[in-house]
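Predicted model, so just to flag it, every value in this text is computed and none were measured. Here is how names work: the chains are called A, B, and so on, in the same order as the sequence lines, proteins then strands, and each is numbered from 1.
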Number of protein chains: 2
Amino acid sequence: MSLGQLLKMLGLGAVALTLGVEWVNWLARRLRPWRGPQGPLKEVLFFPSPITCTEHLYSPDRTSPCLCPLPHGIDTSFSRLLEHLLSACVSLELCVFSFSHLELSRAVLLLHGRGLAVRVLTDRDYMSITGSQIGALRRAGICVRHELSKVVHMHHKFALVDGRKLITGSLNWTATAVQSNKENVIVTEEPELVQPYRDEFSRLWEANDPANHNHHLPSSTATKGWHQ
Amino acid sequence: MSLGQLLKMLGLGAVALTLGVEWVNWLARRLRPWRGPQGPLKEVLFFPSPITCTEHLYSPDRTSPCLCPLPHGIDTSFSRLLEHLLSACVSLELCVFSFSHLELSRAVLLLHGRGLAVRVLTDRDYMSITGSQIGALRRAGICVRHELSKVVHMHHKFALVDGRKLITGSLNWTATAVQSNKENVIVTEEPELVQPYRDEFSRLWEANDPANHNHHLPSSTATKGWHQ
């Protein structure tokens, strides 16, 4: 075989290999729907969750290992919930009946400290019960509103991460719910599910703007509704 | 067969496969409208819901119009919830913290009366509170179990219709939740969401089988756990 023929063969081989790889990739992409469901994130978490160390989630780049006595390096429902929450880059909208969980409060404060737009909507009666973290959030400068009506409960338990990831379920943000109760949480980026919750948050946020209700309420109550 | 013929055959085979896959994909796209415009059902319902007449949902074939004073012919979150529930043909699994809503109880009793396999799992403390419908369900012969632990709550609020439609959210099955509170419910047939809830129901149903726990409990308590 002459050098010319060898070069020609090598060149044709390279082209054939390139086209072949491209074709196999194309085939894999086209066949994907038959291989199973893909598409937006859909995750279900059940509780109670074991208590494990979640320090690494608050500061992923820390180099020294945590020395606390809790189990380390274990994925739990709670660590997944925390991870999803801490994945926020732009905003967090939180619509939760009862909020007393210290670690979840720490996560929300951390996101606020990073400069994210954090808004919290909660129930009126659960604003100031023992252990409620709402006061701590407000003192840190986070926008908080509560259901203004005295007779109905704001019983939602959902969060919107960057406006595109929905976290929703039966779980109140309390230690009892996380560690003891039988609870469920759906985490999804399915637009058909996320959008209605975005609309609901906007609607409730506006409806519970105390500025629009001052004339209906005694001044002390109206002030309670102000954020910060 | 010469190398040339082999290459020609491989080339023709690749072209045929490419065209074939494209054609099947095209066919799948064209047939999609018959399977549902957006894939599996995903619906979000928000509460409170206005009170309207829902008589037609219990007996769709009745010919005489309802004469009750409530508004008629209006779709509400509650009527949608009821419709989804009454769409059951085979089975209903219900896992709900608190159940006192009369119309929802009527729907569950109706499904039981039609011969569907109905199973209800509920919280221990909410079995016999005022207005609870759990007693009525048990008296009708429906299988009911409750969380056996004295210290944790079964706080789920979900239902599985025919094992393939999931109804889940913040909504307890009470009149206050339906008519007053701010609540949310997701209704979906998305298998990735439905399957985990099916597994959770099976797990909790078995875990709360009083037959497995009789020796741990006083007889009166153990008996409470039996269905019917």
Self-check item: Residues B/Ile186, A/Tyr197; criterion side-chain contact (heavy atoms from CB on, under 4.5 Å); working and verdict
Solution: CA-CA 10 Å; B/Ile186 287 175; A/Tyr197 283 86; 3.3 Å; yes
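Proximity to chain B (any heavy atom under 4.5 Å) is shown, for A/Gln195, by neither the backbone nor the side chain. Contact annotation for B/Ala177: neither backbone nor side-chain heavy atoms come within less than 4.5 Å of a heavy atom of chain A. Only the side chain of A/Glu147 comes within contact range of chain B, with heavy atoms under 4.5 Å apart.
With contacts defined as side-chain heavy-atom distances shorter than 4.5 Å, the pair B/Leu193/A/Leu193 qualifies. Side-chain atoms of B/Phe46 and A/His156, non-hydrogen and from C-beta on, do get closer than 4.5 Å to each other. Considering only heavy atoms from C-beta on, A/Lys182 stays 4.5 Å or farther from B/His155 through its side chain. Under the 4.5 Å side-chain criterion, counting only non-hydrogen atoms from C-beta, B/Leu17 is in contact with A/Trp23.
Surrounding OH of B/Tyr126 are at most 12 heavy atoms belonging to other residues, nucleotides or ligands under 6.0 Å away. Within a 6.0 Å sphere centred on CZ of A/Arg119, other residues, nucleotides and ligands contribute more than 12 heavy atoms.
For the set B/Asn184, B/Val152, B/Val44, B/Asn172, the count of heavy-atom pairs under 4.5 angstrom toward chain A peaks at B/Asn184. Options A/Met154, A/Lys157, A/Glu200 differ in how many heavy-atom pairs under 4.5 Å they form with chain B, and the most are formed by A/Glu200. Each of B/Thr18, B/Val151, B/Thr176, B/Leu204 has some count of heavy-atom pairs under 4.5 Å with chain A, and the biggest count is that of B/Thr18.
Distance check: B/Ser149 OG to A/Asn181 CG gives 9.5 Å after rounding to the nearest 0.5 Å.
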